[in-house]
Amino acid sequence: MEVVTISQARRNDFQEMIQLADLTLPDRMNQHELKKYFELFPDLIFKATHQGQLIGFCCAGIDMYHTTGWLLFSNVHSEFQGKGIGKRFIEARLEALRKFERLQSVQVTVSDGNIPSIRALSAHGFRHRNTEADYYGTGKHRSIYELSLCSWDFQPRFAYPMPLVDMK
């Protein structure tokens, strides 16, 4: 496999990212949207390069309470799809999101026809939560996948039963 570097994206990557988005996400990404991602989540945007050329980028986000993270988008040039870059983007974003101590889950929307993405997400522990009709507009349905980061393996703090207290 060709050497591909995954690193944090910077504002000086902006123009290249827009050009790549025009090729691969023409209906879903524009300059205004990408600028907002840089403003809101500057430490959660990553890029993939090969021989110094941008070949992909992705972004994660987090809610205002820092309890729910989102894999917002992933964009890989067609010549480099199927080479594991999308999986590495998932890993980079999950690693960055896990730095938020209160994070409970990570969610992502995906088209039911995007089998490679669904397989990659499933391999990382994401499970189908629900499907929302018209998520991106009429006829543009999306399934929401979720990775729970909460451990529900409850361990009692006491090895013996707690006495009942009479509150009379």
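Reckoned from all heavy atoms, side chains included, excluding hydrogens, waters and symmetry mates.
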- Report the relative orientation of the aromatic rings in Tyr37 and Phe73; use parallel for angles under 30°, tilted for 30 to 60°, perpendicular for over 60°. tilted

- Message: Centroid separation under 6.0 Å, is that true for the rings of Phe57 and Phe89?
- Response: no

- Item | Pair Tyr135 and His141, ring centroids less than 6.0 Å apart |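 Here the rings of His141 and Tyr135 have centres that are no less than 6.0 Å from each other.
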
- Item | Chi angles and distances behind the side-chain contact (heavy atoms from CB on, under 4.5 Å) call for Met17, Phe38 | CA-CA 12 Å; Met17 293 167 82; Phe38 269 108; 3.8 Å; yes

- Item | Heavy-atom closest pair, residues Ile118 and Ser111 |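 Smallest heavy-atom distance, with atoms named: CD1-O, 3.8 Å.
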
Are the side chains of [Y] and [X] in contact, using a 4.5 Å heavy-atom criterion?
X      : Y      : value
Leu147 : Leu94  : yes
Ser7   : Phe46  : no
His124 : Lys87  : yes
Ile55  : Ile85  : yes
Arg142 : Val110 : no
Leu54  : Asp13  : no
Tyr145 : Gln107 : no
Lys47  : Glu16  : no

- Task: Determine, step by step, whether Thr67 and Gln104 satisfy the side chain to side chain donor-acceptor pair (under 3.5 Å) criterion, reporting the C-alpha distance in whole Å, the side-chain angles of both residues, the deciding distance to 0.1 Å, and the verdict.
- Result: CA-CA 5 Å; Thr67 58; Gln104 297 173 7; 5.1 Å; no

- Does the Asp63 side chain pair with the main chain of Thr68, one donor and one acceptor, at a distance under 3.5 Å?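 It does hold such a pair.
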
- What's the verdict on side-chain contact (heavy atoms from CB on, under 4.5 Å) for Leu121 and Val108, showing C-alpha distance, side-chain angles and the deciding distance? CA-CA 9 Å; Leu121 292 165; Val108 60; 3.6 Å; yes

Return the [atom1] to [atom2] distance between [X] and [Y], rounded to the nearest 0.5 Å.
X      : Y      : atom1 : atom2 : value
Gln19  : Phe14  : CD    : CZ    : 10.5 Å
Glu95  : Ile90  : CD    : CD1   : 14.0 Å
Lys99  : Leu44  : NZ    : CG    : 9.5 Å
Ile18  : Lys35  : CD1   : NZ    : 8.5 Å
Leu103 : Tyr65  : CG    : OH    : 15.5 Å
Asp134 : Lys140 : CG    : NZ    : 10.5 Å

- Residues Ser148, Ser105; criterion side chain to side chain donor-acceptor pair (under 3.5 Å); working and verdict: CA-CA 4 Å; Ser148 177; Ser105 69; over 6 Å; no

- Item | Candidate pair Leu97 and Leu149, rule side-chain contact (heavy atoms from CB on, under 4.5 Å), full reasoning | CA-CA 11 Å; Leu97 285 169; Leu149 301 177; over 6 Å; no

- Stepwise, does the side-chain contact (heavy atoms from CB on, under 4.5 Å) test hold for Gln8 with Ile45? CA-CA 6 Å; Gln8 195 169 3; Ile45 300 176; 5.9 Å; no

- Task: Give a yes or no on whether Glu39 atom CD has more than 12 heavy-atom contacts from other residues, nucleotides or ligands under 6.0 Å away.
- Result: yes

